[in-house]
Amino acid sequence: MSKFKRYTVTAALPYANGPLHIGHLAGCYLPADIYVRYLRSNGELVKFICGSDEHGVPITIKAKKEGTTPQKVVDKYHKIMGDAFDEFGISFDIYARTSSKIHHKTATEFFNTLYQKGVFKEEITEQYFDEKANQFLADRYIVGTCPKCANENAYGDQCESCGSTLNATDLINPKSTFSGEKPILKKTKNWFLPLDTLQPQIDAYIDSHKEWKTNVLGQCKSWLSSGLQPRAMTRDLDWGVKVPIEGVEGKVLYVWFDAPIGYISATKEFFNTSKEINNTNEGDGANLISNLKPHEKEEWELYWKDKETKLVHFIGKDNIVFHCIIFPAMLMAEGSYILPEAVPANEFLNLEGNKISTSRNWAVWLHEYLLEFTNKQDALRYTLCANAPETKDNDFTWKDFQAKNNNELVAILGNFINRTLVLTHKYYDGKVPEALEFIKADILLLKELSKFPEKISSSIKQYRFREALAELMNLARLGNKFLADNEPWIIIKTDKNRVQTIMNLSLQIVANLTILMEPFLPFTSKKLATMINLNNNLKWNDATRTDLLLPGHQINPSSLLFEKVEDEIIDSQILKLNNSKIDNQSEINKSNILLNKNEDASPIVINFKNEAKADISFDDFNKMDIRVGTILEAERVPKTDKLMKLLIDTGIDKRTVVSGIAAYYKPEEIIGQKVSILVNLAPRKIKNIESQGMILMAENSNGELCFVEPSKLNINNGASIK
RNA sequence: UGCGGGGUGGAGCAGUUGGUAGCUCGUUGGGCUCAUAACCCAAAGGUCAUCGGUUCGAGUCCGGUCCCCGCUACCA
């Protein structure tokens, strides 16, 4: 079938600081599971590896915030995530965790190997340190002014305005996002992976994979073309895998060094565990391989170091460079490992038109879905696969979920199976009739039928799961058409022999569907196999057969495989989402901090609005020259949402001020408006207009603005405010 | 404002290396009644955002313009 003898398939380690939502499933775990189930169905040797990613700064922050320990945080989410995967039928061979002993050991050894080979560049650098929080600051937790484009909210690792990759020390006027304080520079030693010197090898590696998806290649190439930089593989932090160098304290491995090694340690753990299982019982089939291999001790290595193993990483688009560049670089530097053969990264799934957000509770949580839609895992699997963000971001809507469930799963697939089984019970008491004479239509049907396994295979192998699923549905459509064209319920009155053949063939289609749907709809497949009493050891290639159900074979009583989802259910889900939108509005003023490793930066709020800012001296206050003024002219600044250009009479002069009030006031309404104006604020160009001062505005919790003006009319322009 | 992704029949999408424009849903008409008012057939409906270029031929390649979405920016 291919040049590979076995497969190591990994799915991105989810970060253990929150539960899982549909975006996780659609983007990564579901396609991976479909792929793996397909491989198993083909009899391939495959290990499907995943686990919780439990280190890194955000978890320590969450623990601090909740007044608990990082270990308790990860214990909680490891359980929640593991259960959710299990209940959705994501068929990992192992779901491990990076806080485990074996992981720490593996990561430590990996680091040591590189260390002893002299791979790392050791460098003492000055890192920012937040004295108030008593910790070094990861780049992401420092904001400041970008040296390249003057954006004042650039992060320490990257300026999102101009896209440049930065070092935190490049930032002008840095601030800690924990305390808002200016951090101090402190010397610290770290170990860098020299991506720059490894670049030629990485270039060659990426070049050898022209077949990768365009989104993946595009991102890799943009990294490579701008030149790779050495990247620190250690961090100053307590939570994580300790840097295994003598005399080094308070340092751990960088979470992106540690996490992909989690795939390796999980594989080891799988083989260790299955050895124990095999000692106590016969194994359940999944572990058969371990029984057969003589070199049990090194079994895991076959999955990581043998050229005949195909390593495939399923990830979301946010992980591309780590899996395509940094992890391969680590593996190259180590020397004994194979490299990823494919990295089918998906884009993101949106929900009802908005980006899914953990912190804003804009999500369909898997654990909640399981409670609200019992035994409907396959309905969600179906919708998410049919709508998977394979080539671009896609949108999940509840209406679409309902439509796909009702019009496709129920009406096409479920209905075909149901009418076939009902007729079989009705005419033959559930015994498979013998096919007698084939007419032309039957031959055509059989010919069509035989094409499906290959068609679906081909799509899956190219990671085109939407297409594969559509083909599966086409087989059910073929079945419906066959029944409609041949009308056994009419012919039964005139030609009983013909009906036998029709029903036999329809039943063979049902049996084929059972096999072919398994990667996509495993729960339904299992249910259906029981219903038609089908041997469950059948493999993918058996799906070309037309004798899966032999004449006289007794099928069991049938029941419906899918049920309709009614409007009220959908309405209540939409309502629930709207409520969380409303909740967000009231939450928005509470302090918030970046909690998700990869989440967008918007939740960061540096000014904790409900708390007073730090004390200042009277002198500090006295530096400000605030006056009463009057607006003489006002006009919108073109091509902006919020900006208004104002001409102000300050009593001392007339000056131009640009102010962000356009959302709340119309220019003509505010001519003559008395305002408070800070007149000695350094001028600044905004949209190429020099703004010479700042209008003071009061802002309520909804972000609405209003002017601050003197309460007596005889206070004239130029009156000072103190 | 910059970056990214898009603009294909009412809706959501597919269109691989340029060669008669497809799919699912919806609509309309018909058939069937075994089936969860499900299924099957047929029809209507698109100058593939727009302008220009390359070509024997462009949804597909090149350039310009407009519009939409996401992120980002502007609030001094």
Side-chain angles (χ1 to χ4, degrees), chain A residues 146 149-154 159-163 215 218-219 222 317 347-348 350 353-355 386-387 389-395 397 399-400 402-427 462 464 466-467 470-471 473-474 476-492 499 502-503 506 558-565 600-602 637-644 657-664 677-678 680-697 699 703 705:
Chain A
C146 171
C149 72
N151 161 34
E152 297 202 348
N153 288 309
C159 172
E160 298 190 335
S161 175
C162 65
N215 59 343
Q219 195 160 343
S222 90
K317 69 174 167 187
E347 303 286 306
F348 284 152
N350 293 326
N354 291 108
K355 193 167 167 167
N387 217 5
E390 284 177 9
T391 52
K392 60 177 185 192
D393 289 1
N394 260 342
D395 200 22
T397 65
K399 289 271 180 222
D400 189 56
Q402 181 188 30
K404 287 211 154 53
N405 181 75
N406 293 1
N407 302 336
E408 299 183 24
L409 280 182
V410 172
I412 295 169
L413 181 59
N415 185 40
F416 167 66
I417 291 164
N418 185 239
R419 58 205 299 218
T420 301
L421 299 186
V422 166
L423 286 174
T424 304
H425 283 293
K426 192 164 177 177
Y427 298 154
Q462 295 174 75
R464 298 166 74 134
R466 295 164 63 129
E467 190 178 84
E471 277 305 332
M473 292 307 286
N474 282 339
R477 289 193 176 92
L478 183 70
N480 275 321
K481 184 168 164 50
F482 182 70
L483 283 181
D485 289 349
N486 288 285
E487 301 179 307
W489 49 91
I490 291 177
I491 299 187
I492 191 76
V499 173
I502 295 166
M503 292 316 300
S506 298
S558 66
S559 59
L560 296 176
L561 290 173
F562 306 104
E563 57 187 34
K564 287 201 165 188
V565 173
D600 59 88
S602 53
V637 178
K639 292 197 171 188
T640 65
D641 296 336
K642 300 181 185 171
L643 299 186
M644 189 117 56
V657 172
V658 176
S659 187
I661 57 175
Y664 297 99
I677 175 171
L678 178 60
N680 65 336
L681 185 65
R684 171 157 174 148
K685 272 198 174 180
I686 297 164
K687 290 282 162 194
N688 240 356
I689 302 165
E690 185 164 273
S691 180
Q692 302 157 313
M694 175 168 167
I695 306 293
L696 305 188
M697 306 295 293
E699 181 180 11
L705 299 176

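Residue numbers start from 1 in every chain, and the chains themselves are labelled A, B, ... in the order their sequence lines are given, proteins ahead of strands.
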_Residue mapping more 5' on RNA chain B - nearest nucleotide basis, Met694(A) or Ala403(A)_ = Ala403(A)
*asked:* Taking the P atom in each of G7(B) and A14(B), what is the distance between them to the nearest angstrom?
replied: 8 Å
_Students often get this wrong, so: under 4.0 angstrom with heavy atoms, is Val657(A) touching a base, only sugar-phosphate, or nothing?_
nothing
*What stems involve RNA chain B, if each pair must be Watson-Crick or G-U and both of its distances must be under 3.5 Å, with 3 or more such pairs in a row?*
B:2-7 with B:66-71, B:10-13 with B:22-25, B:27-31 with B:39-43, B:49-53 with B:61-65
*So do the side chains of Leu421(A) and Leu423(A) get within less than 4.5 Å of each other, counting heavy atoms only?*
no
*Could I get the full list of side chain to side chain donor-acceptor pair (under 3.5 Å) partners for Glu471(A), not counting sequence neighbours?*
none
*C39(B) C1' sits how many Å from Asn406(A) CG, rounded?*
16 Å
*Length of the CZ-C1' vector between Phe416(A) and C39(B), whole Å*: 11 Å
_With rounding to the closest Å, how many angstrom separate the C1' atoms on C68(B) and U16(B)?_
27 Å
*Could you pull out the closest heavy-atom pair between Leu483(A) and Pro488(A), with the gap in Å?*
O-CD, 3.6 Å
*Gln402(A) CD to G26(B) P: how many Å, rounded?*
12 Å
_Which atom of Leu409(A) lies closest to which atom of Met473(A), heavy atoms considered_ = N-CE, 4.4 Å
*With P as the reference atom in both, quote the distance from U20(B) to G57(B) in angstrom, rounded to an integer.*
16 Å
*With Lys481(A) via salt bridge (charged side-chain N to carboxylate O under 4.0 Å, His left out) - residues at least two apart*: Asp485(A)
*What heavy-atom pair brings Val657(A) and Ile695(A) nearest, and what distance separates the two atoms?*
CG1-CG1, 3.9 Å
*When you check every protein heavy atom under 4.0 Å of nucleotides 30-37 of chain B, what one-letter string (B, S, -) results, 5' to 3'?*
--SSBBB-
*Minimal non-hydrogen separation, Ser506(A) against Phe482(A), with atom names*: OG-CD2, 3.7 Å
_Beyond-backbone contact of Asn407(A) with Ile412(A), side-chain heavy atoms, under 4.5 angstrom_ = no
*Under 3.5 Å, is there a donor-acceptor pair between the Asn480(A) and Arg477(A) side chains?*
no
*Distance, C1' atom - from G9(B) to G5(B), rounded to whole angstrom*: 23 Å
Nucleotides 4-14 of chain B: which of its N/O atoms have a protein N/O under 3.5 Å away?
from   : atom 1 : to        : atom 2 : distance (Å)
A14(B) : OP2    : Lys392(A) : NZ     : 3.4

*Any chance you could lay out the side-chain contact (heavy atoms from CB on, under 4.5 Å) test for Glu408(A) and Phe562(A), step after step, and finish with the verdict?*
CA-CA 10 Å; Glu408(A) 299 183 24; Phe562(A) 306 104; over 6 Å; no
Protein and nucleotides 41-45 of chain B: nitrogen or oxygen contacts under 3.5 angstrom:
from   : atom 1 : to        : atom 2 : distance (Å)
C41(B) : OP1    : Lys481(A) : NZ     : 3.3

_C1' gap between A43(B) and C67(B), integer Å_ = 33 Å
*asked:* Could you check whether any side-chain N or O of Asn406(A) sits under 3.5 Å from a backbone N or O of Val565(A), counting only pairs where one atom can act as donor and the other as acceptor?
replied: yes
*Given the P atoms of A42(B) and U8(B), what is the spacing between them in whole Å?*
27 Å
*On a whole-Å scale, what distance lies between the C1' atoms belonging to C61(B) and C32(B)?*
50 Å
*asked:* Less than 4.5 Å apart, side chain to side chain, heavy atoms only: is that true for Leu560(A) and Asn418(A)?
replied: yes
*What distance, rounded to whole Å, do you find between the two P atoms, one in G59(B) and one in G70(B)?*
30 Å
*Check Met697(A) against Ile661(A) and note the closest heavy-atom contact, atom names and distance.*
CE-CG2, 3.6 Å
*Looking at Thr420(A) and Met503(A), what are the two nearest heavy atoms and their distance?*
O-CE, 3.5 Å
